[in-house]
Amino acid sequence: MPEAEPAPTAASDVLPKTYDPVGTEARWQAAWEAAGAFHPDPGAPGEPFAVVIPPPNVTGSLHMGHAFNTALIDTIVRFQRLQGKNVLCLPGTDHASIAVQTILEKQLKAEGTSKDHLGRDAFFERAWAWKAESGGTIVGQLRRLGYSVDWQRERFTLDPGLNRSVVEAFVRLHQQGLIYRGEYLVNWCPASGSAVSDLEVEMKEVEGSLWHLRYPLTPLADEVSAAGAAPASDHPIDHLVVATTRPETMLGDTGVAVNPTDPRYAHLVGRSITLPLVGRLIPIVADAHVDPAFGTGCVKVTPAHDPNDFAIGQRHGLPQITVMAKDGTMNGAAGRFAGLDRFEARKAVVAAMEAEGFLVKVEPHRHSVPYSDRGKVPVEPLLSTQWFVRTESLAERCRTALDHPSGPEPRFVPERWSKVYRDWLTDIRDWCISRQLWWGHRIPAWFVVSETGGVITEATPYLVARTEQEARAQADAQFGADAQLEQDPDVLDTWFSSGLWPFSTLGWPGEGGQEPADLATWYPTSVLVTGFDIIFFWVARMTMLAGAFLQDGEAGGVEQPVGGRTSWMPFRDVYIHGLVRDENNRKMSKSAGNGIDPVLLIERYGADALRFALVREVAGAGQDIRLDYDRQSDTSATVEAARNFANKLFNATRFALMNLGGETPASLGEPVLAELESEDRWILSRLTRTSTQVAEFYGSYRLGEAAKLLYEFAWNDLCDQYIEWAKPRLFGDDAVSQTAARRVLARSLEALLVMLHPLMPHLTEDLWHAVSGAEATEFLALQRWPQPDPDWLDPAHENAFQFGIDAVRAIRNLRALSGVKPSEKLSIGIHTPTADRQAFVVANQEKIGRLVGASDLHWEAEPTSGQLLGLVDSDAQVGLTVPQQSLDALRQRLQKDLAKVDKEIAGLQGRLANPNFAGKAPPEVVAECQANLAEAQAQAELVRGRLGELG
RNA sequence: GCGCGAUUAGCUCAGCGGUAGAGCGCCUGCCUUACAAGCAGGAUGUCGCUGGUUCGAACCCGGCAUCGCGCACCA
């Protein structure tokens, strides 16, 4: 960021009538970044507070989910900064192996070439070029949200530092015996030619078919030679019927299973089937996995192509016959079907079965099929040799931490997600971490290919090392100097590097056994903020990997968090938020094309408005939020309302600048208690209450509540009430009264700007500069949370002032009923026998008169006759003298009031008449009930009197 | 199948034991020298259904219904 960036000019003395976010936002983003405002020093004072942001795909672009996540995180970290914490918020991106490789391969294909033609090195270069070109998009868009992250610490999962972390992690896991290599069924994506993780598999409901196939029993005569012993007796049954949704896999069948308790087939267990089309003899086995009630109760077993069958096969020692190649076509083992694509093969197998009389029937069948998220094709369970992380011991550590005696680690907000997290850590499957791709971290394992004839086979010994030199040295020692090495061609799952994110980005593992300063200061991080959709895949992987690396086992064999920490957990809290749904409550997705572009909304309404709108919608419980949107006009009423709020603040500040006489909060000084008037004391009390409560809300992730409370304070209290009541003083010539009002206004507005800053950072930064006159090098973002004088809190006075508000409303209501022109000044009376209220009315005569358009505002204990009267409560009435009275409207109004109050009386009397209520309810509730009844009865009396006068 | 969440004003949602609120929208009137992206006033609900607990339930407990989500999948 060039230092020469022009210093931001704060809102000038004369502001325009509406706020223009576009220029303002860009200006402050540049100023913050140029000044390094969010580049913290690990040695700085202040309690450390750290957040690492969930790294988006480097080549992606901003969607509403990012905007939402960003709004939440930035609100939290900006609040903590205002609390004086030493805040690090660290940004970055991940390399998204499959996504990027898919894009690149598509490009290459369009150019008439391929990655294999290009070669690995050239392909890698090209991928980096693509990253350089498109990788700036999303970080640029994140900047436009006003994200207060430390861009100087921005990381990328493939950068050299994180590369080192990944290699170190792999090597250490291997040393701990937690990484192994072996041949297992994995989710294979034929489109990308790689294994994929569970995350990248999505179950889709499809209307498929259930093919019922006849599998003939092998005649007994032939069994003898096949099984070596003749079964006890023959039987009329000469075949079994199996059902399948994937008939092409029958070519790889190596058994048929029935339930051991199924009387229909018990006698057949041990006999064999002659597999149609293939001719292979396969045994009938008994396995409890088979549900006798489903279909025919007989299941074909294809261990090499189905996870359940794989397990059955293992239990019964059945061979695994792979009939498919890695590109999804049938292989040599498929006999005459070899070379066909798996879906063509399906048709061909069915046709052949039918032709040979083995097809019994076909039923429509709705079932779910695993689809590759990236390749958009059905995933194929395929046997292949892959690298795995043994997860059980890692998961166990995490489960134990959840039961930590001093509270669960991490702490989930909302709490219910911890259950989901625990479920995922229970009965967890080992994690396949190898990917047959080029764009990613190459696995740091070298095969000693000279031991197996120059090629990599399952039997080839391998060495895991941090560098090729290290591997070479190991090879020399173990296999001699002429051992030939070849690095594993595969790369690691992107989530492997993402799983290290909370510590790799802080410099783990460091140099020479030294803990890096960032890690020392900010690990464990304070909170992880993420959507529930990746809780299993990302959150749990981070906690599992941290458990493996951020502990020492030295102290008497008991593991301890490294560096004397109290916890090795990568984050204290996990704040789970919902999804942003579209105007029809649908999940936004690229394929559905229903995404709402945050950038469009930022351009239309400003980033502050979008952020405020998103956060304001958040309920406490991590629910999804719905964003309304009109696709015809690209407008959103919700965001527009937030934009209007921004404009309201802008104009309130504009008003203040016009009425503070060129002074600032600092030059005006603190309000002097003895000089304060009614509305001063009221707003300061409200301010004190609000600042305490908002801080509580922000601090406990109740961000939506914080936003709503501030909205109300700003609009209702400060603008609608305080400013309106204080106007005569600000405009008037009583210097003492004017100064008092200026002090209170300046103080309240400044505090409001600070409190709103986490939600609307640009606007508040700009307005704060205008109000405070602060230098361009100073930032609101780095100020402190308001510290109102506790003496300002005055609930009794808030109550007393509420009477004023109510009286004004009652008068205005009456005026509206009277039909008198709003511009016409009227003689108005407030009638109350109570001394305090009388004093209030007298003291605020001018202000109230102004608020209600009175030519004359006076107090009288009782109304004089001939007036139009309205009720404040049983103790106060308001009266107007109007030229032509609109008696019908008033009568209707009073009758309505009476009906309401009568209903209330009936309800209260009913309750009080119940002897159980008086006996069992708390006395204060009974007393309140009685007081309400008395009030209601007194009001009814007054209203009846008024109605009587009207005739 | 197992689990989770939702159901409150026309719409989007708060409230989670003392008798219902906000924003938007709506109706009426106002360009009142901060703001028409505004101001003032107003209307609007058998709180999904059904049992129970309680003096008292939108709120707690049990069922049911509808919608949504996650996990597991029966071939």
Side-chain angles (χ1 to χ4, degrees), chain A residues 15 17-19 203 210-211 242-246 249 257 289-291 293-302 306-309 312 365 367-368 414 416-417 419-420 423-424 532-533 535-536 578-579 581 583 585-587 605 609 616-628 637-638 640-659 704-705 708 711-712 715-716 719-720 723-724 727 731 808-809 812-817 819 821-823 850-853 893 904 907-908 911-912 914-922 924-926 928-929 932:
Chain A
L15 296 171
K17 283 176 107 173
T18 54
Y19 172 60
M203 298 304 270
L210 198 56
W211 284 272
V242 298
T244 181
T245 54
R246 304 178 59 209
T249 63
H289 173 260
V290 180
D291 176 0
F294 185 86
T296 58
C298 303
V299 180
K300 61 191 272 307
V301 183
T302 324
D306 181 278
N308 287 319
D309 294 5
I312 295 174
H365 182 64
H367 63 132
S368 34
R416 66 187 153 89
W417 288 108
K419 187 170 180 290
V420 180
D423 285 350
W424 195 77
F532 61 78
D533 42 341
I535 180 170
F536 325 110
L579 268 37
R581 315 189 77 101
E583 68 279 14
N585 208 21
R586 316 279 326 168
K587 201 165 148 177
Y605 301 110
R616 194 196 143 108
E617 293 298 313
V618 186
Q623 293 301 110
D624 289 352
I625 64 170
R626 192 187 302 202
L627 189 65
D628 68 4
T638 306
E640 186 178 317
R643 188 273 316 263
N644 293 350
F645 179 52
N647 191 237
K648 186 75 183 175
L649 291 167
F650 178 83
N651 274 292
T653 305
R654 183 163 170 256
F655 174 82
L657 291 177
M658 291 165 70
N659 290 285
E705 283 155 283
K708 284 172 197 154
Y711 182 97
E712 284 167 14
W715 205 310
N716 303 343
C719 293
D720 288 349
I723 289 180
E724 294 304 326
K727 267 180 182 172
F731 297 160
V808 167
R809 176 162 299 133
R812 285 170 168 171
N813 182 288
L814 205 55
R815 275 196 72 130
L817 282 175
K821 277 200 169 123
S823 53
R850 185 182 172 283
L851 290 171
V852 298
R893 176 55 189 246
E904 197 185 335
L908 290 165
R911 278 171 73 190
L912 287 163
N914 183 344
N916 285 328
F917 176 70
K920 296 191 180 173
E924 62 271 22
V925 172
V926 177
E928 192 191 333
C929 202
N932 288 346

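Not measured: the values here are computed from a predicted model. Side-chain atoms are counted along with the backbone in the values below, which use heavy atoms only and exclude waters and symmetry mates. Labels below follow one simple rule: chain letters A, B, ... track the order of the sequence lines, proteins then strands, and each chain is numbered from 1.
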For B/G52 and B/U12, measure between their P atoms and round to the nearest Å.
33 Å
Expressed in angstrom and rounded to an integer, what is the separation of A/N932 atom CG from B/G56 atom C1'?
15 Å
Would the distance check show the side chain of A/D628 and the main-chain N or O of A/E583 forming a donor-acceptor pair, the cut-off being under 3.5 Å?
no
Please list, pair by pair, any protein nitrogen or oxygen found under 3.5 Å from a nitrogen or oxygen in nucleotides 23-32 of chain B.
from, atom 1, to, atom 2, distance (Å)
B/G23, O4', A/R616, NH2, 3.2

Need one value for A/V242: base, sugar-phosphate or nothing, where a base atom within 4.0 Å counts as base even if backbone is also close, heavy atoms only.
nothing
Using atom C1' in both nucleotides, what's the gap between B/C31 and B/C39 to the nearest angstrom?
10 Å
Could you check whether any side-chain N or O of A/R812 sits under 3.5 Å from a backbone N or O of A/G853, counting only pairs where one atom can act as donor and the other as acceptor?
no
Which of the following nucleotides, B/G3, B/A37, B/C55, is nearest to the side chain of A/N644?
B/A37
Would you mind reading off the distance between A/R654 atom CZ and B/A34 atom P, rounded to a whole angstrom?
8 Å
On the side chain of A/R812, is there an atom forming a donor-acceptor pair with the base of B/A40 - under 3.5 Å, no angle test?
no
A/N651 side-chain proximity, nearest of B/C35, B/G18, B/A6
B/C35
Structure string for RNA chain B in dot-bracket form, Watson-Crick and G-U at under 3.5 Å, | interchain:
(((((((..((((....[..)))).(((((.......))))).....(((((..]....))))))))))))....
Considering only side-chain heavy atoms of A/D720, which listed nucleotide, B/A37, B/A40, B/A75, is closest?
B/A40
Salt-bridge test for A/E724 and A/K727: reply yes if a basic N is under 4.0 Å from a carboxylate O, no otherwise.
yes
Chi angles and distances behind the side-chain contact (heavy atoms from CB on, under 4.5 Å) call for A/Y711, A/L649:
CA-CA 10 Å; A/Y711 182 97; A/L649 291 167; over 6 Å; no
What integer distance in Å separates A/N914:CG from B/U19:P?
16 Å
Interatomic distance where NE2 belongs to A/H289 and C1' belongs to B/A75 [whole Å]:
8 Å
Produce the list of close N/O pairs, under 3.5 Å, pairing protein atoms with atoms of nucleotides 66-71 of chain B; give distances to one decimal.
none

P atoms of B/A14 and B/U54, separation to the nearest Å:
31 Å
Touch class at under 4.0 angstrom, heavy-atom based, for A/C929 against every strand present
nothing
Base, sugar-phosphate, or nothing: which does A/R246 touch, judged by heavy atoms less than 4.0 Å apart?
nothing
Where the side chain of A/E617 is concerned, which of B/A75, B/U12, B/G42 is the nearest nucleotide?
B/U12
Pick base, sugar-phosphate or nothing for A/P915, based on heavy-atom distances below 4.0 Å to the nucleic acid.
nothing
Need one value for A/R626: base, sugar-phosphate or nothing, where a base atom within 4.0 Å counts as base even if backbone is also close, heavy atoms only.
sugar-phosphate
Looking at B/A34, does its base get a donor-acceptor pair with the side chain of A/E724 below 3.5 Å?
yes
Can you find a donor-acceptor N/O pair under 3.5 angstrom joining the side chain of A/K648 to the base of B/C35?
yes
Out of B/C55, B/A75, B/A36, which has the shortest distance to the side chain of A/K17?
B/A36
What integer number of Å spans the P atoms of B/U32 and B/G38?
16 Å
Nearest heavy atoms of A/T244 and A/K300, plus distance in Å:
CB-CD, 3.6 Å
Would you say A/K708 reaches B/A22's phosphate, i.e. side-chain N/O to OP1/OP2 under 4.0 Å?
no
So, is A/R911 close to the B/G56 phosphate, meaning a side-chain N or O under 4.0 Å from OP1 or OP2?
no
